[in-house]
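Note sheet for the following structure.
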Amino acid sequence: MLEELKEANQYVINKIKEKDLLILEIEEYAKEYNVPIVTKEVAEYLRFLVRDKNVKNILEVGTAIGYSGIIMGKEIEKKDGKLYTIEIDEERYNTAQENIKKSGLKNIISIKGDAIEEISKINEYFDFVFIDASKGHYKQFFEDSVKLLNKDGIIFIDNIMFRGYLYKEYPKRFKTIVKRLNEFIEYLHERKDGEFVLLPFGDGVGLFRKK
Ligand SMILES: C[S@@+](CC[C@H](N)C(=O)[O-])C[C@H]1O[C@@H](n2cnc3c(N)ncnc32)[C@H](O)[C@@H]1O
């Protein structure tokens, strides 16, 4: 989360009244075992976006334990939509499987593996892509998934402003990742096949819409 927005984000979070008991249970688990999941306000925004009547099929890069996948999967189930989700870590993949089973959703296709290899093996088109995995590979995830994106489809890129390190002093060990993310943002602004907006919200959100 962007430190500068902590109070504003907390205000927004306090307004969200989550009623889904499984979602609350996963939030508790994530806190206890230190699993990174989207913040509540970003989860609400995802829910809001995928409710759009044009969003049916979704690709998620970075399942973790299934939190955001279940939130989005539930929204598109009503529209007969499917959600493909990819996770590299075996333990998290297994926990996600258990959570998806508990959710009763039958429209989530979980892939265990490295998204660098797995995205290009998928033989489907998507209306919405959620990129939330290793930041060093965001450009590759984007390039692989934009090929599978329908016209007017959206790619949602989370944590793109990386704790604000893109514009303020950062620990030396993050030099490469900061450089890559800054270049990635430039690249997204310059793409001719769609439009891009950068939102200073959560940990920074990037939204790309394909023409
Ligand atoms: C921030 S977490 C995802 C959180 C999840 N989207 C949520 O909000 O519930 C990022 C996940 O991406 C996974 N990951 C990192 N690099 C990956 C890769 N190359 N392919 C697939 N998964 C990857 C990590 O193991 C981690 O569980």
Side-chain angles (χ1 to χ4, degrees), residues 1-2 9 12-13 16 18 20-50 55 58-76 83-103 105 107-122 126 128-145 148 154-163 165 174 176-177 180-181 184 201-207:
M1 183 183 288
L2 301 172
N9 278 302
V12 175
I13 289 168
I16 301 168
E18 181 60 64
D20 188 317
L21 294 181
L22 176 62
I23 291 301
L24 291 169
E25 189 190 303
I26 302 175
E27 283 173 9
E28 283 305 311
Y29 180 99
K31 210 183 285 171
E32 189 175 342
Y33 295 98
N34 247 324
V35 181
I37 58 170
V38 283
T39 50
K40 265 172 164 326
E41 77 282 16
V42 173
E44 272 297 281
Y45 189 40
L46 280 173
R47 212 180 234 152
F48 178 89
L49 289 176
V50 305
V55 178
I58 301 177
L59 169 65
E60 176 179 66
V61 184
T63 319
I65 54 174
Y67 178 74
S68 52
I70 291 172
I71 288 176
M72 294 187 286
K74 206 164 253 184
E75 292 303 324
I76 55 167
L83 180 136
Y84 282 68
T85 181
I86 311 172
E87 175 56 51
I88 200 168
D89 181 272
E90 179 152 16
E91 205 178 319
R92 286 187 182 164
Y93 168 85
N94 290 335
T95 309
Q97 290 292 92
E98 286 167 27
N99 286 330
I100 293 164
K101 199 167 166 207
K102 280 189 206 166
S103 77
L105 291 170
N107 62 336
I108 300 184
I109 297 108
S110 291
I111 299 167
K112 182 170 60 177
D114 189 338
I116 291 172
E117 288 148 25
E118 300 299 330
I119 300 174
S120 48
K121 291 187 201 161
I122 300 175
F126 299 96
F128 191 90
V129 175
F130 177 41
I131 297 181
D132 191 23
S134 48
K135 286 182 269 296
H137 298 112
Y138 270 13
K139 189 172 175 203
Q140 180 159 2
F141 296 150
F142 176 89
E143 286 184 337
D144 290 346
S145 56
L148 307 178
I154 285 180
I155 299 189
F156 185 118
I157 307 151
D158 197 22
N159 307 115
I160 198 168
M161 289 166 75
F162 190 28
R163 304 177 209 166
Y165 292 151
F174 294 139
T176 308
I177 178 94
R180 278 194 189 179
L181 284 172
F184 180 46
F201 160 67
D203 192 24
V205 167
L207 290 180

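Quick note: residue numbers are just sequence positions, from 1. Computed from heavy atoms alone, side chains included, the values below leave out hydrogens, waters and symmetry copies. Note that ligands are numbered from 1 as they come in the structure, with each ligand's atoms numbered from 1 the same way. The structure displayed is predicted, hence computed values, not measured ones.
- Between Phe184 and Phe142, the angle of the ring planes goes over 60°, which puts this pair in the perpendicular group of the 30/60° scheme.
- Ring centers of Tyr33 and Tyr29: under 6.0 Å apart, within the cut-off.
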Check against side-chain contact (heavy atoms from CB on, under 4.5 Å), Val61 and Asp132
CA-CA 6 Å; Val61 184; Asp132 191 23; over 6 Å; no
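- Note: no N/O pair closer than 3.5 Å links Ala133 and ligand 1 by distance alone.
- Not one N or O of His137 is nearer than 3.5 Å to an N or O of ligand 1, by distance alone.
- Residue contact check for ligand 1: Gly113 places a non-hydrogen atom closer than 4.0 Å to it.
- Of the polar atoms of Ile116, none of the N or O atoms is found under 3.5 Å from an N or O of ligand 1, judged by distance alone.
- When non-hydrogen atoms are compared, ligand 1 lies under 4.0 Å from the backbone of Glu87 as well as from its side chain.
- Close contacts between ligand 1 and Asp132 involve ligand atoms 1 (C), 2 (S), 3 (C), 4 (C), 5 (C), 6 (N), 8 (O), 10 (C), 11 (C), 12 (O) [criterion: under 4.0 Å to a heavy atom].
- One finds a salt bridge joining Glu118 and Lys121 here, because a Lys/Arg side-chain nitrogen approaches an Asp/Glu carboxylate oxygen to under 4.0 Å.
- In this pair, Phe48 and Tyr45 present their aromatic rings parallel. The plane angle is below 30°, not in the 30 to 60° band.
- Residue Gly66 has no nitrogen or oxygen atom sitting less than 3.5 Å from a nitrogen or oxygen atom of ligand 1, judged on distance alone.
- Nearest protein heavy-atom neighbour of atom 7 (C) of ligand 1: Ser68 OG, 3.0 Å.
- At a heavy-atom distance under 4.0 Å, only backbone atoms of Thr63 (N, CA, C or O) approach ligand 1.
- Side-chain contact annotation: Gln97 with Ser110, donor-acceptor N/O pair under 3.5 Å present.
- When non-hydrogen atoms are compared, ligand 1 lies under 4.0 Å from the side chain of Phe141 (C-beta onward) but not from its backbone.
- Of the heavy atoms in Glu60, only side-chain atoms (C-beta onward) come closer than 4.0 Å to ligand 1.
- The nearest non-hydrogen atom to atom 26 (C) of ligand 1, considering only Gln140, Arg92, Glu117, comes from Arg92.
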